[in-house]
Amino acid sequence: EDKVVQSPLSLVVHEGDTVTLNCSYEVTNFRSLLWYKQEKKAPTFLFMLTSSGIEKKSGRLSSILDKKELSSILNITATQTGDSAIYLCAHRAGNYKLTFGKGTLLTVNP
Amino acid sequence: DVKVTQSSRYLVKRTGEKVFLECVQDMDHENMFWYRQDPGLGLRLIYFSYDVKMKEKGDIPEGYSVSREKKERFSLILESASTNQTSMYLCASSPGDRFSNQPQHFGDGTRLSIL
């Protein structure tokens, strides 16, 4: 059974700090690893990493896939209070199905 | 921008009622999904539809059914609501065939309480 584990489960930082969120996966047939940000409502898509695209960056957010270690990290630099959210990691195997981790709750204090 | 709209943000129903949750997407996506999200359990897939009238069970289909009569609309039905179905329900859609590697886009969710 495919499994996705995120760590830490929760994290509290101050504005301006840099954070690293972790995601590890045990899968039978890797296709892609996705990151989502969830504030009060809809999870919004951040990045998708594949064998042909192991590093993505958008503004202060970046993500790297380590296929050898079966893991991914999401980095946020110069954090702002608006970055406070649950960050979800999900893996896609051979078909349509996404297997989600339990998420990391990030709180950024002013 | 992809828009996935769920008909209600909050819903309160009674045990034994038949409950309908509606989801509409405006991007002509082939695939639509229903998840529930519970603290400590994350998102779990209830049902998936890859075309009109086509559906597949997810990880936790028991107690639920779905309907997809039109491409843009995917309904989740609780045949006889029970208190353990109190949860946040999220609808999502994605383009491509059922093996597509495209990201899923989510609606805002319906927080359903069964009393």
Side-chain angles (χ1 to χ4, degrees), chain A residues 1-10 21 23-27 29-54 56 58 61 63 65 72 74 85-105, chain B residues 1-10 23-25 27 29-51 54-61 74 88-111:
Chain A
E1 184 180 316
D2 294 348
K3 192 175 175 184
V4 176
V5 177
Q6 293 186 243
S7 63
L9 289 181
S10 66
L21 309 183
C23 176
S24 64
Y25 56 93
E26 299 173 16
V27 297
N29 186 11
F30 177 84
R31 287 189 75 194
S32 55
L33 191 292
L34 293 86
W35 284 96
Y36 287 84
K37 175 183 181 183
Q38 185 177 23
E39 297 174 83
K40 295 286 184 196
K41 31 191 185 176
T44 53
F45 172 70
L46 294 175
F47 300 119
M48 185 169 77
L49 304 162
T50 66
S51 298
S52 59
I54 62 171
K56 296 285 174 95
S58 176
L61 276 68
S63 184
L65 177 70
S72 175
L74 177 68
I86 297 172
Y87 289 85
L88 298 168
C89 170
H91 159 265
R92 177 183 279 122
N95 57 18
Y96 59 85
K97 185 180 171 189
L98 288 181
T99 300
F100 283 86
K102 292 181 171 49
T104 293
L105 174 62
Chain B
D1 266 2
V2 177
K3 185 70 175 173
V4 179
T5 303
Q6 295 184 229
S7 54
S8 305
R9 287 297 315 278
Y10 301 94
C23 175
V24 177
Q25 50 94 3
M27 287 303 292
H29 286 174
E30 287 76 10
N31 307 302
M32 296 189 75
F33 307 81
W34 275 107
Y35 293 87
R36 62 178 283 177
Q37 185 176 27
D38 301 287
L41 296 176
L43 271 78
R44 294 177 292 166
L45 181 66
I46 305 172
Y47 266 100
F48 159 60
S49 170
Y50 54 93
D51 202 349
M54 306 305 289
K55 61 186 179 186
E56 284 191 15
K57 292 180 180 178
D59 296 319
I60 51 164
F74 191 34
M88 169 71 90
Y89 289 87
L90 290 163
C91 175
S93 72
S94 69
D97 65 25
R98 59 199 292 261
F99 300 104
S100 167
N101 202 21
Q102 295 297 312
Q104 294 175 18
H105 299 272
F106 286 84
D108 285 347
T110 296
R111 190 165 291 282

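Below, chains carry the letters A, B, ... as their sequence lines are ordered, and counting in each starts from 1.
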**OP:** Check whether A/L88 gets within reach of chain B through its side chain, its backbone, both or neither, counting any heavy atom under 4.5 Å.
**Re:** side chain

Original post:
Does any heavy atom of chain B fall under 4.5 Å from the side chain of A/K97, the backbone, both, or neither of them?
Top reply: side chain

Can you say whether [X] sits under 4.5 Å from chain A via the side chain, the backbone, both, or neither, judging by heavy atoms?
X	result
B/R9	side chain
B/Y50	neither
B/F48	side chain

**OP:** Pull out the residues in residues 38-47 of chain B that come under 4.5 Å of chain A, heavy atom to heavy atom, sorted by number.
**Re:** B/G40, B/L41, B/G42, B/L43, B/L45

Subject >> Among the listed options A/M48, A/K102, A/R31, A/K40, the residue most often paired with chain B at heavy-atom distances under 4.5 Å >> reply: A/R31

Original post:
Do you know which of A/A42, A/G103, A/G101 has the most heavy-atom pairs with chain B at a distance under 4.5 angstrom?
Top reply: A/A42

Original post:
More than 12 heavy atoms of other residues, nucleotides or ligands under 6.0 Å from CG of A/L9: is that the case?
Top reply: no

**OP:** Side-chain contact test, heavy atoms from C-beta onward, threshold under 4.5 Å: evaluate it for B/Q37 versus A/Q38 and give yes or no.
**Re:** yes

Original post:
Residues in side-chain hydrogen bond (donor to acceptor under 3.5 Å, both in side chains) with A/S52, at least two apart?
Top reply: A/T50

Original post:
Partners of B/N101 by side-chain hydrogen bond (donor to acceptor under 3.5 Å, both in side chains), sequence neighbours excluded?
Top reply: A/S32, A/R92

Original post:
Does the separation of the ring centres of B/Y35 and A/F100 fall below 6.0 angstrom?
Top reply: yes

Original post:
Of all residues at least two apart in sequence or in a different chain, which pass the salt bridge (Lys or Arg N to Asp or Glu O under 4.0 Å) check with A/E26?
Top reply: none

Subject >> Closest non-hydrogen atom pair, A/Y36 against B/Q104 >> reply: OH-O, 2.7 Å

Original post:
Which heavy-atom pair separates A/P43 from B/G107 by the least distance, and what is that distance?
Top reply: CD-O, 4.3 Å

